[in-house]
Amino acid sequence: MSTAPLSPDLDSDLDLDDFEPDDVEVELVVFDMAGTTVSDNGLVERAFVLAAQRSGIADTADALEEAVAFVRETMGQSKLDVFRELTDSEEDALAATEAFETAYGELVDRVGVSAIDGTSDLFQELRDNGLKIALVTGFSRATQDTLIDALGWSDLIDVSLCPAEAGRGRPYPDLPLTALLRTGTSSVAAMVVVGDTASDMLSGLSAGAGLVVGVRTGTHDTETLEDAGADVVIDSVADLAELLGLREETIE
């Protein structure tokens, strides 16, 4: 698969005339979860604050503010890796990660979880066109399964992966490359990586994905996503089918 570099005008709607879908023979689409396919609504950051308070990572308001800024910067990366940077030992990092996963689960139970509009329909459309779907995350397996089950996506995806199952989390290429191997995708050029953070873009770029797509529904803005290697940035995953040429109509 060959894809021409995409550079849509940031002040106007995406012009699909700049994109030649016939040049793209996609077999696999690798999606991030929170902020990309799953509405975040600030839950990740709120869970981190709770975890920081419960585990003693930040014992002052200033320390908490600095830690939250770091979390925003590294959004999309393995939560354990993030906590390793914020704590003094592996034991503390593991404890903080567990506190985060517990807090996130509590928040999901309290406020619920929802998909980004159009995600489930997109998954079905991709499958109808013979494409494989992978969901990757910086969460643990338990949290990932909770989200997938809550959203009813088990029968719509082909594989789901967390960092512990791939080797390293983002921004490394391990998650998309493991998804490629598990789905039997023929080459990295036939893989599309979609996410809302710089770490997602860097992971897709490092994996050699044929197309790296940023979405504006999550943490990082268009400039940040493009600086990290996005070939194109779209409003949301709901626009992906048009981008890949799976529909005759274009994005208005």
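- The line from CG of Leu131 to CG of Leu126 is 5.5 Å long, rounded to the nearest 0.5 Å.
- Contact annotation: the side chain of Arg170 never approaches that of Ser78 to less than 4.5 Å [non-hydrogen atoms, C-beta and beyond].
- With 3.5 Å as the limit, one finds a donor-acceptor pair spanning the side chains of Asp221 and Thr224.
- Checked against the 6.0 Å centroid threshold, Phe48 and Phe83 count as a close aromatic pair.
- Grouped with Leu205 in a hydrophobic cluster is no other residue, since no side-chain heavy-atom contact under 4.5 Å to another Ile, Leu, Val, Met, Phe, Trp or Tyr is found.
- In this structure the side chain of Phe31 never reaches within 4.5 angstrom of the side chain of Thr137, judged on heavy atoms.
- Linking ILVMFWY residues whenever their side-chain heavy atoms come closer than 4.5 Å, directly or via other members, leaves Leu202 and Met33 in distinct clusters.
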- [ ] Decide yes or no on side chain to side chain contact (heavy atoms under 4.5 Å, CB included) for Leu243 and Val232, but give the supporting numbers first.
- [x] CA-CA 9 Å; Leu243 180 69; Val232 62; 3.8 Å; yes
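- Across all non-hydrogen atoms, the minimal contact from Leu135 to Asp32 is CD2-O, 4.4 Å.
- Here the rule is side chain to side chain donor-acceptor pair (under 3.5 Å) with Arg84, and of Asp81, Asp88, Thr87 only Asp81 fits it.
- A single hydrophobic cluster is not seen to contain both Val71 and Leu94; linkage of ILVMFWY side chains at heavy-atom distances under 4.5 Å, directly or through other members, places them apart.
- Between the side chains of Glu101 and Ser140, at least one donor N or O sits under 3.5 Å from an acceptor N or O.
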task = Just do the side chain to side chain contact (heavy atoms under 4.5 Å, CB included) check on Leu151 and Ser120 with the steps written out, would you?
result = CA-CA 9 Å; Leu151 293 166; Ser120 296; over 6 Å; no
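- Within a 6.0 Å radius of CG in Asp227, more than 12 heavy atoms belonging to other residues, nucleotides or ligands are found.
- In the hydrophobic cluster analysis, where Ile, Leu, Val, Met, Phe, Trp and Tyr join through side-chain heavy atoms closer than 4.5 angstrom, Leu80 is grouped apart from Phe139.
- Side-chain N/O atoms of Thr36 and Asp196 include a donor and acceptor closer than 3.5 Å.
- You'll find the side chain of Glu45 reaches within 4.5 Å of the side chain of Val68, heavy atoms only.
- Two residues are said to be in side-chain contact when any heavy atoms from C-beta on lie closer than 4.5 Å; Val44 and Lys79 meet this criterion.
- Without hydrogens or angle criteria, Glu27 side chain to Ser186 main chain gives a donor-acceptor distance under 3.5 Å.
- Separation of atoms CZ (Arg182) and CG (Leu28) is listed at 13.0 Å; rounding is to 0.5 Å.
- By the side-chain hydrogen bond (donor to acceptor under 3.5 Å, both in side chains) test, Asp121 pairs with no residue at all, sequence neighbours left out.
- Of all heavy-atom pairs between Glu73 and His220, the closest is O-CE1, 3.9 Å.
- The shortest heavy-atom contact between Ala179 and Leu161 is N-CD1, 3.5 Å.
- Atom OG of Ser206 and atom CG of Leu177 lie 9.0 Å apart (nearest 0.5 Å).
- Annotation: side chain of Val30 is not in contact with side chain of Leu175 (no heavy-atom distance under 4.5 Å).
- Salt-bridge annotation for Arg168 and Asp174: present, with a side-chain N of the basic residue lying under 4.0 Å from a carboxylate O of the acidic one.
- For Asp40, the salt bridge (Lys or Arg N to Asp or Glu O under 4.0 Å) criterion is met by no residue, not counting sequence neighbours.
- A donor-acceptor pair is defined here as one N or O able to donate and one able to accept, closer than 3.5 Å; such a pair exists between the side chain of Thr217 and the backbone of Gly35.
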*asked:* Set out, in order, the CA-CA distance, both residues' side-chain angles and the distance that settles side chain to side chain contact (heavy atoms under 4.5 Å, CB included) for Val233 and Glu226, then state yes or no.
replied: CA-CA 7 Å; Val233 179; Glu226 289 189 329; 3.8 Å; yes
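- Side chains of Arg216 and Ser236: a donor-acceptor N/O pair is absent below 3.5 angstrom, by distance only.
- Of the possible donor and acceptor atoms, none in the side chain of Thr119 sits under 3.5 Å from a partner among the backbone N and O of Ala115.
- A salt bridge links Arg141 with Glu165: the closest approach of a Lys/Arg side-chain nitrogen to an acidic carboxylate oxygen falls below 4.0 angstrom.
- Separation of atoms CZ (Arg110) and CG (Leu43) is listed at 10.0 Å; rounding is to 0.5 Å.
- Considering only residues two or more places apart in sequence or on other chains, Glu65 meets the salt bridge (Lys or Arg N to Asp or Glu O under 4.0 Å) condition with none of them.
- Within the 4.5 Å cutoff, the side chain of Glu85 has no heavy atoms near those of the Thr74 side chain.
- By the 4.5 Å heavy-atom criterion applied to side chains, Leu156 and Ile133 are not counted as neighbours.
- The line from CG of Leu240 to CG of Leu122 is 5.5 Å long, rounded to the nearest 0.5 Å.
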Criterion side chain to side chain contact (heavy atoms under 4.5 Å, CB included) on Leu211 and Val213, from CA distance to verdict
CA-CA 6 Å; Leu211 187 65; Val213 181; 3.8 Å; yes
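- Scanning all heavy atoms of the two residues, the minimum distance from Asn41 to Arg46 falls at O-NH1, 4.3 Å.
- Across every non-hydrogen atom of Glu125 and Ala241, the tightest pair is OE1-CB, 3.7 Å.
- Counted by atom type alone, Ser199 and Thr197 present zero donor-acceptor pairs between their side chains at under 3.5 Å.
- In this structure the side chain of Ser160 reaches within 4.5 angstrom of the side chain of Ile148, judged on heavy atoms.
- Asp155 CG: 12 or fewer foreign heavy atoms inside a 6.0 Å radius.
- In this structure, Tyr172 has no ring pair (Phe, Tyr, Trp, His ring centres under 6.0 Å) partners at least two apart in sequence or on a different chain.
- Residues Leu225 and Val215 come closest through the heavy atom pair CD1-O, 3.5 Å.
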Could you pull out every donor-acceptor pair under 3.5 Å between side chains of residues 102-109 and any protein atom, sequence neighbours left out?
unit_1 : atom_1 : unit_2 : atom_2 : d
Thr102 : OG1    : Glu98  : O      : 3.0
Glu106 : OE1    : Arg54  : NH1    : 3.1
Glu106 : OE1    : Arg54  : NH2    : 3.0

